[in-house]
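Take a look at the structure set out below.
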Amino acid sequence: MSGENLKRTPLYECHQQLGGKIVPFAGWELPVQYSGVIQEHQAVRQKAGIFDVSHMGEVFVVGAEAEKAIDAMTCNNVATLSDGKAQYSAIVNPRGGIVDDIIVYRYSPRRYLICVNASNADKDFAWFCEHNKFDCEFRNKSSEFGQIALQGPLATKILSSVPGLTDIASLPYFHFQDRKAFGCDVIVARTGYTGEDGFEIFIPSAQTPKVWTELLAVGSPLGLVPAGLGARDSLRLEACLPLHGHELSDDLSAYESGLGWIVKLNKGDFIGRDALVKEKEAGSQRGLVGFLVDDPGIARHGDKIFDAKGMEIGWVTSGTKTPTVNKALGLAIVTSPFTKDGSTFFVEVRGKRLAAHVVKRPFYKRALS
Amino acid sequence: MQFPSDRKYTKDHEWVLMEGADAVVGITEFAQSELGEIVFADLPAAGKAIKQGDTFCVVESTKAASDVYSPIGGKVKSTNSKLSDSPGLINSSPYKDGWLVRLEAVNKADLEGLMTAEQYKTFLGDKA
């Protein structure tokens, strides 16, 4: 990625003021950390953290056949949504591969918001427009929105101390509302990417720095810290939330990459359905697993995986040593006999083959209060 | 930022300290601050012969693995066993408790091309 083409979020100056270490990510300049990845990770698990996720894309779908259009281009069942409810879903290609994983928010059967990944935003929007044969319009509003994620066990307490949002605790998980707060119109969704309770707040770009600053002001006394991409990645990996380009790709089917739970074959036709029906009948040849590394060392994205006889059986999609679990762990795609819990294999790290074994996902699950 | 004057430095931010006939090697304060919290150090086996510039250790943060190049040739005499349980010593004490490798049979001529503390500080300039 060449330096001059990188985009900046509305919060770029805020990150600089906070001493954030800025790195290129998905075409954007974003902070990888402020105080340190481990400290930020722990703060989100124990108290709260805020993340700049303004790089995420926002696409509105408006028109009489909005529901039909989204249903035809995503694998989850849009018809099960009601107004104010959100749904995790995926855009699937004709081979059953994942174009992107998304969240679909329903305002009404004629109006939806779709949140897409930053690195795929342009690709997704082009895909939507190309495949839209319905009476509705896709509008890419990504450049008009900033987005802040407030995550952690104290997220609700912090957000409900903001005037206009004092009742936000009553917003159920995977629901959203248009609200007036921070002197502007915001969309507050009870969603996140850390494995903790929390919110993702869509904000007009110009007001995003004000929201960021006010949240830090009310949250800091309770332990809220700004958190960067490093903590975001280690948190989502412990919670086994997939990342497109790692666990998810155009070349791995929804079943192979662990998204079978959002594939609704009975809902009617959608792009990719035929391929997924065939795969379901025949059985998948490979699948996503979580693993722990037993030998000293850390497995990383792209490391090859071998069985005891030395046959290559897969690859690591994400790997690190994470702060809460405090073990070298990762996610991997392996051939089907090795997808069972307790299976053992070897991850090749810098020429050394490290013993590893498959464990149940996720690595981390929050205690329900 | 600290620059102990008892040792030599490389452009890749390693240091080497002569202790009698042995050379002790680690990474600089600047290096550890750039890498962030280190969660694992992959150290060479005792007895391994190393040339100047060889990748002989890898230090890993939660985000990435980074190569460490040997500032001097020699043979690995021992490695810092405390790092297996406490890799964070490389962050908290990069010049002392966070040392990486002790070399013997060192090629002292390799020291000549390395920087003094003062030269390394100048080399870092505004980054220090």
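Proteins get letters first, then strands, A, B, ... in listed order; numbering begins at 1 in each.
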- request: Give, as side chain, backbone, both or neither, the part of B/A65 having an atom under 4.5 angstrom from any heavy atom of chain A.
  value: both
Chain A contact via B/S84 - side chain, backbone, both or neither, heavy atoms under 4.5 Å: neither
Within the 6.0 Å centroid threshold, strictly below: A/F345 and A/H357: no
statement: Residue from A/G230, A/P296, A/G319, A/A328 scoring the most non-hydrogen pairs under 4.5 Å with chain B is A/P296
- request: Between chain B and each of A/V349, A/T320, A/I298, count heavy-atom pairs under 4.5 Å; write down the option with the most.
  value: A/I298
message: Any side-chain to backbone donor/acceptor pair from B/E37 onto B/T62? Under 3.5 Å, distance only.
response: no
- request: Keeping the roles fixed (side chain from B/T28, backbone from B/E14), state whether a donor-acceptor pair exists under 3.5 Å.
  value: no
query: Is A/R353 close enough and on-axis enough to A/F306, meaning under 6.0 Å and within 45°, for cation-pi?
result: yes
message: I'd like to verify something: which residue of B/S61, B/G36, B/A64 has the highest number of heavy-atom pairs under 4.5 Å with chain A?
response: B/A64
- prompt: Is the closest side-chain heavy-atom distance between B/V68 and B/V58 below 4.5 Å?
  reply: no
